[in-house]
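Computed from a predicted structure; not experimentally measured. Just the heavy atoms: all of them, side chains too, but no hydrogens, waters or symmetry mates, feed the values below. A note on names: the letters A, B, ... follow the listed sequences, proteins ahead of strands, and every chain is numbered from 1.
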Amino acid sequence: MISVIGLNHKTADIEVREKLAFSGPKLEEGLKGLSSLPGVKEVFVISTCNRVEIYLHSTITSPLKDTVSTQVIRFLSEFHSIHEELLKKSLYILHDTEAIRHLFRVASSLDSMVIGEPQILGQVKEAFEFALGLKTTGPIINTLVKKAISAAKRVRTETRIAENAVSISYAAVELAKKIFEDLSTKTFMLLGAGEMAELAARHLISNGVKSVTVANRTYERGCELAKEFNGRAIRFEDFPKELIHTDIVICSTGAPNYIVTKADMQEVLKERRQKPVFLIDISVPRNIDPAINELDNVYLYDIDDLQGVVDSNILERKKEAEKAEKIINEEVEKFQKWLSSLDSVPTIIALRKRAENIKEAELRDFFNRFPDIDEKKKKAIIQLASTIVNKLLHPPTAALKEDSENRETLIATIKRLYSLNDEEE
Amino acid sequence: MATILFEIALTFYFAGAIVSIVELWLGSKATSKPVIYIAIAGFVFHTFSIILRYIQGGYLPITNLHEASSFYAWSVLLLFFFLELRYKLGLLGCFIMPLVFILMLSSSMLPRELKPLDPILRSYWLPIHTILAFLGNAAFALSFVIGIMYLIQEHYLKSKHPSGLFAKLPSLQSLDEINYRLITIGFPLLSLAIITGAVWSETVFGTYWRWDPKETWSLITWFIYALLLHARLVSGWRGKRAAILSIIGFSTVLFTFFGVSLIMKTYHAFK
C-alpha cells in the first residue's frame, strides 16, 4: 500500500513545520529510521519550507492502514520531540489513490502556496534522489516519482499554469519586456527606496538591465544601494535631469505629492525624442502624476495597476489548474493500472494462459501431422502435455503466491522471461 | 494548369486566413505555426502558377489586375517569409494571412484571360519598373500589418489590463523598429519605381511625367511615406504616430493599386 503522511502550509503553522523539517543530517537519519519501521518497504521524504511529507510503500494492506500512520506518527513525535496530539492536529494521512494523487498534485505545483510556482518540482526530484542514494526506495516509489515528474511536465506544457507573473515585481519585469525588446541595453533608475522597490530592481537586473542609477534622499543610502546593484548614485535633486537618459524608472519615495508632473514628462519626452519610458510608481501616496499615462510613449503603472495585472494572472492560473486536475486524473489512472498489473493474480492468470495457448497450438499441430492416432492415445498425449505444463508452472506460481517480500521483483522477472507484457496490450 | 495551381494556392490561403482568425480568437493560446505551414504550401503552388503563366504569356504576368493582385499577394508572402526567418515576430503570420487571402481573392474575381502584350509594354523596363513597385508595396503592406499589431499591443499596455494576445505579441520596441525598417526598404523601392517609370515614359511618350492618375497617386503615397520618415528622423515621431501613419500610407497604396485602376482612366489600368 502507498501512503503519505505529512503537513503543509495549509494545515500547519510555520512553528510546527519548522519543528518537523528534516534538515541537513536529520534527513538521512530520518529516512533510515522510517525505513526500518515494521512493514515499511520503501520511503522518501519531501521537506521544504512549506511542507514535510513522508511517502511510504508498505506491505500493510488497506484494512490495517491505521497501523502505518500510528507507527509513523509515533516515530515523528520521538524523532522531532513533538507532542503526538499536536502532530495529529496538523497532519494529513492519505492512502492508495489519494496518496498517489497527492504526490502528483504536489509535483505539478497544484498544492503550492502560489499555484504554478516552479521550484517544487526540483525539490521533489532532489528529495527522491537523496532517498534513492540511501537505497530507501524501491521499484514502486521509483516508478511513482518518475510518473509524478512526467505528470508535472505534462501539466507544465499542456496548461499555462506557470506562464504569467503572480508577483508585483515579476509583473513589472514582464511589462518591461513587452515595451522594450532587450532589457540589457536599457537604462534604469531607482528613485527612492523601499523593500518592494528594491525587489523589483533586483528582478530587472537579473533580467538583463545593466545600467543602474540610484537617486535617494539620503545620499549615503543611495550609494550603498548603487554599490549593491553595480550602478551609480546621484543626488536626489538631480533626478529630473537624469530622467532624460532613463528608460525604466521605479519610484518609491515618501513624498506627499507628485514629484513628476505631466508638464515635466512632456519636456523629458521631447528631450528624449519620444523614446519610450516605463514608469513604475509603487509609492503610496503616488509620486508620479497619473495623467502622464495619457502621453504617447509613456507607460505608467502604479501599485494598483500592477496588483490588477497580478490578480488577473492568478485568476488565469486558477482556471488552468482545473485543466491540470484532469491531466492528473489521467496520470493517476495510468499509474494505478501499472500498479495493479504488479498484483500476483493477473500475472498467474497470464502465465497460465500463455502456457495453455502454447500447449494447445502444439497439440493441434501434432494431431494434424498424425491423423491416424486413435482416441485413446490422443487422450493420453493430451494428459502428458498438461502434466508437463503444470509441473513446469508450479514453482513460479507458488513463488508468486507466497513470496510477498520480493513480489514486485518476481512479477517483473516472470513477465520479462515469458514476455507477458505483449499479450496484455 | 496555371489556373488549377492558382485555385489550389487560393484554397490554401483561405484555409490560412481561417486558421489565423481562429488562432487570434484563442487569445493567449494563439500561435502562428500552423498558419506558416499552410502559407508555405500555398506559396509553392502560387509560385508555380506564376511561372507557368509567365511561360504561357512570354512576359512577366503583372499586366492585368488579376495578375497584378495575385503577384502582389505573392510578393507580400515572400517578404513575410524573409521577415519570419530574420525576426520571428510572434503572430505576424496570423495578421498577414487574411491580407494575403483578400488580395488573392480579389485577383480570383477579376477577368483572367491571357492577352497578347500591348506593344507599349514590350520593354525591359516592364519587369524592372513593376518588380520595384511591387516589392516596395509589399514592404508597405507588412508595415501596415505591423502597425496594427503595434496599436493592439499598445492598447493592452495603456489600458493596464494586459491579457488576451498580450503575451504572444512582440514587444513595442521591436514592432516599431521593424516597421521603420520596412518603410526604409519600401520608400527607396517606391522612389526607384517612380524614377524608372519616368524614364520608361520618356522613351515611349517622350515625356517624363504625364499626370496620369496612377502617377499622381503614387506621388501622394510617396509624400506620405516621406513625411513619415522625415517626422521620425527630425521630431522623433515613433510608436503610435508612426504606426497610424503607416496604416494611412498603406490605404493610399491600396487606393492607387485598386481604386485608380478600377475607377479612373489610366494607361496603368492593368488591362
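Looking at A:K270, there are no atoms closer than 4.5 Å to chain B (heavy atoms on both sides), in backbone or side chain. Only the backbone of B:L169 comes within less than 4.5 Å of a heavy atom of chain A; no side-chain atom from C-beta onward does. Residue contact with chain B, scored on non-hydrogen atoms closer than 4.5 Å, is absent for A:L269.
Summarising the geometry of B:V234 relative to A:R273, their closest heavy-atom pair is O-NH1, 3.1 Å, with the distance given to 0.1 Å. Across all their heavy atoms, B:Y156 and A:Y301 have their closest contact at O-OH, 4.1 Å. Minimum interatomic distance between A:K177 and B:S171 (heavy atoms only, all atoms of both residues): O-CB, 3.4 Å. Shown here for A:P276 and B:R238, the closest heavy-atom pair between the two residues is CD-CD, 4.2 Å.
By the neighbour-count criterion of 12 heavy atoms within 6.0 Å, atom CG of A:N257 is densely surrounded, having more than that number from other residues, nucleotides or ligands. Dense packing is recorded around CZ of B:F81, with more than 12 heavy atoms of other residues, nucleotides or ligands lying under 6.0 Å away. Heavy atoms of other residues, nucleotides or ligands lying less than 6.0 angstrom from NZ of B:K168 number more than 12. Atom NZ of A:K178 sits in a crowded spot, with more than 12 heavy atoms from other residues, nucleotides or ligands closer than 6.0 Å. Counted within 6.0 Å of CD on A:E333, heavy atoms from surrounding residues, nucleotides or ligands total 12 or fewer; the atom is thus considered open. Heavy atoms from other residues, nucleotides or ligands lying under 6.0 Å from OH of A:Y258 number more than 12. With a 6.0 Å radius and a threshold of 12 heavy atoms from other residues, nucleotides or ligands, B:W25 has its CH2 atom at or below the threshold. For NZ of A:K153, the number of neighbouring non-hydrogen atoms (other residues, nucleotides, ligands) closer than 6.0 Å is 12 at most.
Of the listed residues (A:K186, A:E316, A:E294, A:R272), the one with the most heavy-atom contacts under 4.5 Å to chain B is A:K186.
Looking only at side-chain heavy atoms (C-beta outward), B:F166 and A:V309 stay at 4.5 Å or farther from each other. Side-chain contact between A:N293 and B:K160 is present, with heavy atoms from C-beta onward closer than 4.5 Å.
Atoms CG and CD, on B:D176 and A:Q274 in that order, are 11.0 Å from each other to the nearest 0.5 Å. For the atom pair NZ (B:K158) and CG (A:D296), the distance works out to 6.5 Å, reported to the nearest 0.5 Å. Taken to the nearest 0.5 Å, the CD1 atom of A:I179 stands 10.5 Å off from the CD atom of B:Q173. The CG atom of B:L172 sits 4.5 Å away from the OH atom of A:Y299 when rounded to the nearest 0.5 Å.
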